[in-house]
Trainee: 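I have a structure I would like to understand better, so I am pasting it below and will then ask my questions one at a time.
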Number of protein chains: 2
Amino acid sequence: MTITHAEENYLKAIFTIAEKEAGPALTNAIAAQMQTSAASVTDMLKRLSDKQLITYEKYRGVQLTEEGGRLATALIRKHRLWEVFLVDKLGFAWDEVHELAEQLEHVQGNDLVSRLDSFLGYPKFDPHGDPIPDAEGRWTFRKQAPLATLKAGERGIVTGVDDHSTTFLQYLDQLGLILGAELELLERFPYDQSVRVRIRDGRELILSDKVTQNLFVKIS
Amino acid sequence: MTITHAEENYLKAIFTIAEKEAGPALTNAIAAQMQTSAASVTDMLKRLSDKQLITYEKYRGVQLTEEGGRLATALIRKHRLWEVFLVDKLGFAWDEVHELAEQLEHVQGNDLVSRLDSFLGYPKFDPHGDPIPDAEGRWTFRKQAPLATLKAGERGIVTGVDDHSTTFLQYLDQLGLILGAELELLERFPYDQSVRVRIRDGRELILSDKVTQNLFVKIS
DNA sequence: AAAAATATTTAGGTAAGTCTAAAAATAAGT
DNA sequence: ACTTATTTTTAGACTTACCTAAATATTTTT
Ligand SMILES: [Mn+2]
Ligand SMILES: [Mn+2]
Ligand SMILES: [Mn+2]
Ligand SMILES: [Mn+2]
């Protein structure tokens with residue numbers, strides 16, 4: 001049973017939604033994620049259901065089967081490993097690699113993923129701080145929370161982002177808030193929930209509520 | 001104007017045929033190369049002609065336009081660079097990389113090829129000894145000839161293969177006839193045109209006519 | 001030059017994946 | 001409970017890329 005690129009992309013979208021919403025993925029949510037029409041989604045859901053990759057009840061949304069989950073996880077693994085390759089080996093910036101990884105994740109071959117994994121030194125996280133499942137599909141979780149939850153006086157290390165948009169990533173670059181950056185929250189302004197932080201080199205920054213909600217830190 | 005994977009593959013096939021046959025590529029030759037039906041080829045030729053990537057005269061075969069040639073060359077460049085990556089960086093054997101490169105060559109992105117090229121150290125030849133065109137589409141040619149043309153007493157260095165099949169490549173591995181291997185032709189047997197050669201470590205091998213015609217050497 | 005063989009194109013179909021518009025089901029509001 | 005709004009599915013159509021079978025063009029043979 002062969003699986004198409006489109007089918008793989010839908011499985012990934014369903015996985016992502018199910019993870020976030022914690023329940024069945026609804027047609028419209030999938031359509032939004034895939035940037036396509038609800039009609040096209042319904043079409044595809046039938047195909048995926050025929051292939052036993054999802055369980056599908058009309059009007060009730062879908063869930064991945066065990067096999068569907070395995071495939072989605074493998075795809076995410078490939079996507080994130082390729083992102084590590086593009087950043088660590090080819091020198092791309094972290095805001096430039098997503099579209100390329102969207103293509104590379106579909107390349108299939110026997111040993112490719114494991115050899116790539118080995119070549120990269122078995123990374124546990126991708127350039128955006130997202131975890132990379134291992135060959136058996138096991139995830140490494142990390143204690144992290146949005147910067148918005150940090151209290152004044154606490155210190156943290158930047159470990160990831162929720163928003164993956166180019167504009168956000170480039171803004172963080174400009175601020176020097178790359179992965180691993182250390183910071184201390186000096187104060188939070190009640191007016192708009194913005195914060196003042198001090199970073200490693202002593203510089204102080206004001207970060208908006210929007211930034212603090214989309215930036216993950218590990219409390220240190 | 002977007003170009004599909006299938007279209008790219010046809011352009012490459014036409015390029016390869018035109019190179020070998022030195023003339024227009026005929027429908028049946030393309031069908032054979034693409035392992036598809038002549039009817040499907042005719043279909044595609046119309047599409048490529050509409051996109052001005054080939055000049056097509058019914059029943060008379062096709063030729064690549066300048067733009068078509070540029071695209072085909074770029075595709076071959078990508079294919080061969082990825083093959084170098086798979087062998088040099090991921091440790092694949094030279095007989096394992098073609099199918100993967102067939103997929104990787106279609107990945108498109110701004111800087112990808114040039115960064116890959118740089119990462120690999122600007123290789124001029126792929127793992128099979130085939131030349132890699134540079135970013136401007138210029139080819140590096142090498143004085144090489146089939147081992148069949150070598151005369152008794154002459155020495156050569158293995159520089160490439162004509163037959164790219166797994167069985168041939170693995171057989172060469174077994175014999176120790178990898179790229180760069182030095183050999184001396186000791187004698188040619190008139191009966192079947194097989195030859196006796198001595199290789200670097202002093203071992204002597206008997207090579208069939210089929211082998212000598214598919215193995216390229218640089219006379220040294 | 002006509003007949004036979006070969007090469008190529010056309011005709012008609014299929015499957016994947018997409019679309020818009022209309023119909024049907026479900027959920028929400030009064 | 002009934003009406004309205006929202007969500008989802010169905011219907012019908014389009015494109016790409018493939019197929020087989022039949023028709024036509026070209027080349028080769030006699
Ligand atoms: Mn990504
Ligand atoms: Mn990522
Ligand atoms: Mn190849
Ligand atoms: Mn090659």
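Every value quoted in this text rests on a predicted model; they were computed, and no experiment measured them. When reading the values below, keep in mind they use all heavy atoms of this one structure, side chains included, and skip hydrogens, waters and symmetry mates. By convention in this document, chain letters (A, B, ...) are assigned in the order of the sequence lines, proteins followed by strands, and residues within each chain are numbered from 1.
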Trainee: Near DNA chain C, counting only heavy atoms under 4.0 Å, which residues of residues 15-36 of chain B show up?
Mentor: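 Contacts with DNA chain C under 4.0 Å: Leu26(B), Thr27(B), Asn28(B).
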Trainee: Are there any protein N/O atoms within less than 3.5 Å of an N/O atom in nucleotides 20-25 of chain C, and if so, which ones and at what distance?
Mentor:
| from | atom 1 | to | atom 2 | distance (Å) |
| --- | --- | --- | --- | --- |
| dA25(C) | O4' | Tyr59(A) | OH | 3.3 |

Trainee: Show every side chain to side chain donor-acceptor pair (under 3.5 Å) that has at least one partner inside residues 12-24 of chain B, sequence neighbours left out.
Mentor: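 Pairs touching residues 12-24 of chain B that pass the test: Lys12(B)-Glu102(B), Lys12(B)-Glu105(B).
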Trainee: Sort and list the pairs that fulfil salt bridge (Lys or Arg N to Asp or Glu O under 4.0 Å) and have at least one residue in residues 40-56 of chain B, not counting sequence neighbours.
Mentor: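 Every salt bridge (Lys or Arg N to Asp or Glu O under 4.0 Å) pair that includes a residue of residues 40-56 of chain B, provided the two are not neighbours, is Glu7(B)-Lys51(B), Asp43(B)-Arg47(B).
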Trainee: Are Lys210(A) and Asp163(A) within salt-bridge range, i.e. N to O under 4.0 Å?
Mentor: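 The answer is no: the pair does not qualify as a salt bridge.
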Trainee: Within a strict 4.5 Å, meaning less than it, do heavy atoms of the Thr166(B) and Tyr171(B) side chains meet?
Mentor: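 The answer is no; the side chains never approach within 4.5 Å.
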Trainee: Looking only at side-chain N and O atoms, does Tyr10(A) come under 4.0 Å of OP1 or OP2 in dT18(C)?
Mentor: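 For dT18(C), OP1/OP2 do have a side-chain N/O of Tyr10(A) under 4.0 Å.
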Trainee: Taking side chain as C-beta onward, heavy atoms only, is Ile30(A) less than 4.5 Å from Ile17(A)?
Mentor: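 Yes, at least one pair of side-chain atoms sits under 4.5 Å.
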Trainee: Got Asp126(A) and Val97(A) here, is their nearest side-chain heavy-atom distance under 4.5 Å?
Mentor: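 They are not in contact (no side-chain heavy atoms under 4.5 Å apart), so the answer is no.
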Trainee: First and last nucleotide of DNA chain D touching chain B, 5' to 3', heavy-atom cut-off 4.0 Å?
Mentor: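 It runs dT16(D) to dT27(D).
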Trainee: Tell me whether Gln63(B) contacts the main-chain N or O of Ile54(B) through its side chain, where contact means a donor paired with an acceptor under 3.5 Å.
Mentor: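 The answer is no, because no donor-acceptor pair under 3.5 Å joins these two groups.
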Trainee: Closest heavy-atom contact between Gly129(A) and Leu179(A)?
Mentor: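 Distance-wise, the nearest heavy atoms are N-CD1, 3.6 Å.
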Trainee: Walk me through it: do Phe15(B) and Tyr10(B) pass the test ring-ring contact (aromatic ring centres under 6.0 Å, His included)?
Mentor: CA-CA 8 Å; Phe15(B) 182 96; Tyr10(B) 273 96; over 10 Å; no
Trainee: Can the ring centres of His79(A) and His98(A) be said to be less than 6.0 Å apart?
Mentor: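 His79(A) vs His98(A): aromatic centres under 6.0 Å.
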Trainee: Strictly below 4.0 Å, heavy-atom distances to any atom of DNA chain C: list the hits from residues 45-56 of chain A, or just say none.
Mentor: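 Heavy-atom cutoff 4.0 Å gives Arg47(A).
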Trainee: With a 3.5 angstrom cut-off on both distances, give the Watson-Crick or G-U wobble partner of dT30(D), or none if there isn't one.
Mentor: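 Across all strands, the one nucleotide that pairs with dT30(D) is dA1(C).
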Trainee: Please confirm whether the backbone N or O of Ala38(A) pairs with a side-chain atom of Thr27(A), one donor and one acceptor, at under 3.5 Å?
Mentor: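 Not at all, since once roles are kept as given, no pair shorter than 3.5 Å links the two residues.
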Trainee: Do Lys89(B)'s NZ or CZ and the ring of Phe119(B) fall within the cation-pi criteria of under 6.0 Å and 45°?
Mentor: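 The answer is yes, since Lys89(B) meets both limits relative to Phe119(B).
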